[in-house]
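Following: one structure in structure tokens, then a few remarks.
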Amino acid sequence: MFSHVALGSNDIAASKRFYDAILGVLGAAEGVIDERGRLVYMHAGGRLIVTHPVNGDKAECGNGHTLGFLAPSTDAVDAWHAAGVANGGTTAEDPPGIRHATEGRVVYLAYLRDPAGNKLCATHKISG
């Protein structure tokens with residue numbers, strides 16, 4: 001459905017430390033800063049771009065926005081969360097754990113805010 005996702009950042013170096021850590025846990029290669037100063041990750045057919053806003057204004061996170069990442073196991077979700085907290089992120093919502101989603105689905109989730117305040121989630125589907 002998506003060709004890419006872009007998130008704003010006011011500090012690309014801090015974002016690189018954070019995203020290298022959390023995406024590395026999920027098997028992604030280290031991010032590359034392109035010729036326009038954007039931080040780019042490519043993994044499993046997806047592309048994440050972290051960039052200063054092109055209009056020159058300060059990056060701000062969206063209220064109600066969450067970017068979700070698939071994790072291969074509950075251990076990977078926990079490692080993703082720990083890597084994020086250790087690299088400039090903050091816990092968002094409840095601690096990592098089981099949630100009961102719609103239609104009988106059970107998932108294991110963790111939420112973080114990146115150094116710019118963007119809300120992220122790692123998800124592992126347990127059943128349903």
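Index from 1, following the sequence. Below, all heavy atoms of this structure are taken into account, side chains as well, without hydrogens, waters or symmetry copies.
Side chains of Tyr19 and Asn87: no donor on one and acceptor on the other come within 3.5 Å.
Using a 4.5 Å heavy-atom threshold, the side chains of Asn118 and His65 count as separate. Side-chain atoms of Leu120 and Phe18, non-hydrogen and from C-beta on, do get closer than 4.5 Å to each other. Side-chain contact between Leu26 and Pro72: present, with at least one pair of heavy atoms (C-beta onward) separated by less than 4.5 Å.
Counting all heavy atoms, side chain and backbone alike, Ala116 lies closest to Gly8 at CB-O, 3.6 Å. Between Trp80 and Ala110 the shortest heavy-atom distance is CZ3-O, 3.4 Å.
The distance from atom CZ of Arg17 to atom CG of Asp114, rounded to the nearest 0.5 Å, is 12.5 Å. For the atom pair CZ of Arg36 and CD1 of Ile49, the computed distance is 8.5 Å after rounding to the nearest 0.5 Å. Atoms CZ and CG, from Phe69 and Leu23 in turn, are 5.0 Å apart once rounded to the nearest 0.5 Å. One distance of note links OG1 of Thr90 with CZ of Arg113; it measures 7.0 Å at 0.5 Å rounding. In this structure, CG in Leu67 is found 9.0 Å from CZ in Phe2, a value given to the nearest 0.5 Å. The CD1 atom of Ile126 sits 4.5 Å away from atom CD1 of Ile98, with the distance rounded to the nearest 0.5 Å.
Leu109 and Val25 end up in different hydrophobic clusters when Ile, Leu, Val, Met, Phe, Trp and Tyr side chains are linked at under 4.5 Å. In the hydrophobic clustering of ILVMFWY residues, with side-chain heavy atoms under 4.5 Å counting as a link, Val50 and Ile33 come out together. When the side chains of ILVMFWY residues are joined at heavy-atom separations under 4.5 Å, either directly or via intervening members, Tyr41 and Val5 end up in a single hydrophobic cluster. Each of Tyr108 and Leu112 belongs to its own hydrophobic cluster when Ile, Leu, Val, Met, Phe, Trp and Tyr are linked at side-chain heavy-atom distances under 4.5 angstrom. Met42 and Ile22 sit in two unconnected hydrophobic clusters of ILVMFWY residues. Membership requires side-chain heavy atoms under 4.5 Å apart, directly or through other members.
Residue pairs satisfying the salt bridge (Lys or Arg N to Asp or Glu O under 4.0 Å) criterion with at least one member in residues 116-128, sequence neighbours excluded, are listed as follows: Glu93-Lys119.
Without hydrogens or angle criteria, Lys16 side chain to Gly31 main chain gives a donor-acceptor distance under 3.5 Å. Between the side chain of Asn10 and the backbone N or O of Ala59 there is at least one donor-acceptor pair closer than 3.5 Å. Judged by distance alone, with hydrogens and angles left aside, the side-chain atoms of His4 form no donor-acceptor pair with the main-chain N or O of Arg47 at under 3.5 Å. Proximity of a side-chain donor or acceptor of His52 to a complementary backbone N or O of Ser9 within less than 3.5 Å is detected.
Heavy-atom contacts from other residues, nucleotides or ligands closer than 6.0 Å to CG of Asn55 number more than 12.
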